[in-house]
Amino acid sequence: MRWWDIDPVLELEKDLFPEDAWSRGMFWSELAHARGPEATRRYVVAQAGDRIVGYAGLASSGTESDSGSAAGADIQTIAVARDYQGTGLGSRLLTELLRAATAFECAEVMLECRVDNIRAQKLYERFGFEPIGFRRGYYQPGNVDALVMRLTTAPKSGPAAESTSVQGTEING
C-alpha cells in the first residue's frame, strides 16, 4: 500500500466498517512506518484491474530485544470487498501478512476480531490462530467485544509457507 491508495482504501473501509472505520490520518501514520531500513509495518492492497478489492496490514514490535525476547506482530486490519468475499482473497492477504511476520522474525502474531465476525474467526483458525481471551467493548461506538487470537510462528511452516491465488487479483505492497 502506498499513499495514493489511501482514498480508495478509505472508501472500502467505510463500506465494510461503517461504525469504526479508520481515518485518513490513521492510514498515513501506519504507512509512515512501512518503508526504509527501520520499517515496522507491512501494508498491502489487492487489485482487480484498477480497483482495490482488499487490503491488509501488520505491525511488528521490531527486532529481538536486549532481554532476548523475540519480536511479535499484530495484524492491524484485513478487509475484502463484499463481491470478493468467499473467493480466497482473505486467505491470500493473511498469507502475505504472515510472510511479513516471518521477515520481521516474529515469534508470534496477535490479532483482535469482532466476536460477531464468524467468517474472519474461521479464516484465522484455518491458519492456526487460537483464541486466548476477550477485550470487552473493544470496538466502539458499537461496544462490541473483541476475540483476541494468537499464532505462534515457526520458520517455513504452516499456511504462510504455501501460496494461494485468486483469479484476476494482484497483491501489491
What's the shortest heavy-atom distance between G142 and E19, and which atoms?
->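 Of all heavy-atom pairs spanning G142 and E19, the closest is CA-OE1, 3.6 Å.
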State, to 0.1 Å, how close A79 and L16 come at their nearest heavy-atom pair, and which atoms those are.
->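 Answer, listing the atom of A79 first, then L16: CB-CD1, 3.7 Å.
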Determine, step by step, whether R41 and D74 satisfy the salt bridge (Lys or Arg N to Asp or Glu O under 4.0 Å) criterion, reporting the C-alpha distance in whole Å, the side-chain angles of both residues, the deciding distance to 0.1 Å, and the verdict.
-> CA-CA 10 Å; R41 306 289 193 273; D74 290 297; over 6 Å; no
Residue pair [X] / [Y], side-chain heavy-atom distance below 4.5 Å:
X    : Y    : answer
L31  : R2   : no
Y139 : N117 : no
V44  : L93  : yes
Y55  : V80  : no
P131 : V148 : no
E38  : H33  : no
Q85  : T87  : no
S91  : F127 : yes

Check against side-chain contact (heavy atoms from CB on, under 4.5 Å), R24 and I6 = CA-CA 7 Å; R24 177 177 274 100; I6 291 176; 4.0 Å; yes
Are [X] and [Y] close enough for a salt bridge, meaning some N to O gap below 4.0 Å?
X    : Y    : result
E96  : R99  : yes
E130 : R150 : no
R82  : D15  : yes
D20  : K14  : no

Please walk me through it: do M149 and L147 pass side-chain contact (heavy atoms from CB on, under 4.5 Å)?
-> CA-CA 6 Å; M149 301 180 84; L147 174 64; 3.9 Å; yes
Verify same cluster id: [X], [Y] (apolar side-chain graph, 4.5 Å):
X   : Y    : result
I78 : M110 : no
W28 : W4   : yes
V9  : W3   : yes

Between [X] (side chain only) and [Y] (backbone N and O only), is there a donor and an acceptor less than 3.5 Å apart?
X    : Y    : result
Q140 : G137 : yes
Q121 : V115 : yes
S61  : G72  : yes

Report the relative orientation of the aromatic rings in W22 and F27; use parallel for angles under 30°, tilted for 30 to 60°, perpendicular for over 60°.
->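 Answer is tilted, since the angle falls between 30° and 60°.
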Quiz item: cation-pi between R136 and F134, 6.0 Å / 45° =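 Satisfied, under 6.0 Å and within 45°.
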With D50 via side chain to side chain donor-acceptor pair (under 3.5 Å) - residues at least two apart |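 None.
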Please determine which of D5, T77, L58 meets the side-chain contact (heavy atoms from CB on, under 4.5 Å) test together with Y43.
->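 Running side-chain contact (heavy atoms from CB on, under 4.5 Å) over D5, T77, L58 with Y43 returns exactly one hit, T77.
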